[in-house]
There are 2 protein chains.
Amino acid sequence: MAAYIQTVMETRRYARVLARLRSVGLRPTRQRLALARLLFDGGNRHVTAEQLHSEALEANIRVSLATIYNTLHQFTRAGLLREVVVDHGRAYFDTNTKEHHHFLFEDSGRLQDIPSKGVTVTGLPAAPSGTTVSRIEVIIRLREHGSSQ
Amino acid sequence: MAAYIQTVMETRRYARVLARLRSVGLRPTRQRLALARLLFDGGNRHVTAEQLHSEALEANIRVSLATIYNTLHQFTRAGLLREVVVDHGRAYFDTNTKEHHHFLFEDSGRLQDIPSKGVTVTGLPAAPSGTTVSRIEVIIRLREHGSSQ
DNA sequence: TCAATAGTTTAGAACAATTCCAAACTACTT
DNA sequence: AAGTAGTTTGGAATTGTTCTAAACTATTGA
Ligand SMILES: [Mn+2]
Ligand SMILES: [Mn+2]
Ligand SMILES: [Zn+2]
Ligand SMILES: [Zn+2]
């Protein structure tokens, strides 16, 4: 019956992901379902295309890298992901789409969320005329001090 | 005598750039002198490698793209420039090395300085233990509203 | 249930930005 | 003037990403 419960939970998760894809008008294909689960089952994450691709292969999900890119962009357009730019050369996709900021561990390149709640930026000049603020991004770059300087 | 004054000013600028390179231990080569003047004579700027390369060619300075990259990185390491990351795919180099933030015009990709003076970020959690804040970056993404949405 | 259709996936080519390489060159020292 | 270490360069290589066109598949509605 442990196995039975397992199956029920499985089915639930599956249904949730399926509904999510449907709700944004994307066909629930094998690849998208699998990727959605890697991305959204579990806590918030910051992934690169390559990372997600490796994870998929490790989990025995056959997906091409082109599909990874397609999917990440479609999910982003659909508001399921957001892109974070902290490093030229690599695009990070963030499963946390709520307004929030980031710690960046410079050495490892790892990102960590800072809840927006409480954080305020004051003293900013008004947006230049003819423009609207689409987002304020705060990135706190951290140097790890210890072994390797 | 207008020509004479011109020459004096030229000499001054040259001397300044030369001293600047010497002070950071970089040999004042033809290429570095020319690039330093494109970068530092005049107001603060945000340039990409390609942009600087075109400017150099337009000004009849023969420099390879490899040298542009070498120089930009050497200047950055020497603290004469700083790198700003706002767009994956392209590296921007900023001649303003003082602490400051940026407006980013999303459509054009153009950056505009926001003096740090006055701007405060409050409510941030402490830096994770074992780390030090190396820089706080605030980027305000702007959408230009008008002709093209 | 079975086309027809529109949307999706894929391998591989193409692309853009950047880095690497090893040979030629040049600034500085002696 | 010669020696040395630092610099420049064209071109090849690498990296991350996008494009392409052909094969495949989910959806629809007859
Ligand atoms: Mn992108
Ligand atoms: Mn760089
Ligand atoms: Zn995040
Ligand atoms: Zn700036």
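Reckoned from all heavy atoms, side chains included, excluding hydrogens, waters and symmetry mates. Worth saying up front: this structure is predicted, and the values here are computed from it rather than measured. Chain identifiers are assigned alphabetically (A, B, ...) following the order of the sequence lines, protein sequences preceding nucleic acid strands; residue numbering begins at 1 within each chain.
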key: Which atom of Arg22(A) lies closest to which atom of Pro28(A), heavy atoms considered   =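 Residues Arg22(A) and Pro28(A), closest heavy atoms: NH2-CG, 3.8 Å.
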query = Any idea which heavy atoms bring Gly43(A) and Arg45(A) closest together, and the distance?
reply = O-CG, 3.3 Å
Round to the nearest Å and state the distance from [X] atom [atom1] to [N] atom [atom2].
{"X": "Asp87(A)", "N": "dT18(C)", "atom1": "CG", "atom2": "P", "result": "11 Å"}
{"X": "His53(B)", "N": "dT18(C)", "atom1": "NE2", "atom2": "P", "result": "13 Å"}
{"X": "Ile68(A)", "N": "dG16(D)", "atom1": "CD1", "atom2": "P", "result": "15 Å"}
{"X": "Gln74(A)", "N": "dT17(D)", "atom1": "CD", "atom2": "P", "result": "16 Å"}
{"X": "Leu33(A)", "N": "dG7(C)", "atom1": "CG", "atom2": "C1'", "result": "15 Å"}
{"X": "Leu65(B)", "N": "dT19(C)", "atom1": "CG", "atom2": "C1'", "result": "11 Å"}
{"X": "Leu72(B)", "N": "dT8(D)", "atom1": "CG", "atom2": "P", "result": "12 Å"}
{"X": "Leu21(A)", "N": "dG7(C)", "atom1": "CG", "atom2": "C1'", "result": "14 Å"}

key: Charged N-O contact under 4.0 Å between Arg110(A) and Glu144(A)   =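 Glu144(A) and Arg110(A): not salt-bridged.
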request  = Using a 4.0 Å cut-off on protein heavy atoms (strictly under), produce a 5'-to-3' string for nucleotides 21-30 of chain C with B for base contact, S for backbone-only sugar-phosphate contact, and - for none.
outcome  = ------BS--
N or O in side chain of [X] less than 4.0 angstrom from [N] OP1/OP2:
{"X": "Tyr69(A)", "N": "dT17(D)", "answer": "yes"}
{"X": "Gln31(B)", "N": "dT9(D)", "answer": "yes"}
{"X": "Ser64(A)", "N": "dT9(C)", "answer": "no"}
{"X": "Arg32(A)", "N": "dG7(C)", "answer": "no"}
{"X": "His73(B)", "N": "dT19(C)", "answer": "yes"}

ask   = With clusters built from Ile, Leu, Val, Met, Phe, Trp and Tyr whose side-chain heavy atoms come within less than 4.5 Å, directly or transitively, what are the remaining members of the cluster of Val85(B), listed by chain and number?
value =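 Members besides Val85(B), by chain and number: Val85(A).
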ask   = Between Phe93(A) and His73(A), is the ring centre distance below 6.0 Å?
value = yes
message = One pair to check against side-chain contact (heavy atoms from CB on, under 4.5 Å): Leu124(A) and Ile136(A). What are the steps and the verdict?
response = CA-CA 11 Å; Leu124(A) 287 171; Ile136(A) 296 182; 4.2 Å; yes
remark   = Sorted by position of nearest nucleotide on DNA chain C, 5' first, the leading residue of Arg62(A) and Arg90(B) is Arg62(A)
query = Between His102(B) and His46(B), what is the ring plane arrangement, given parallel below 30°, perpendicular above 60°, and tilted in between?
reply = perpendicular
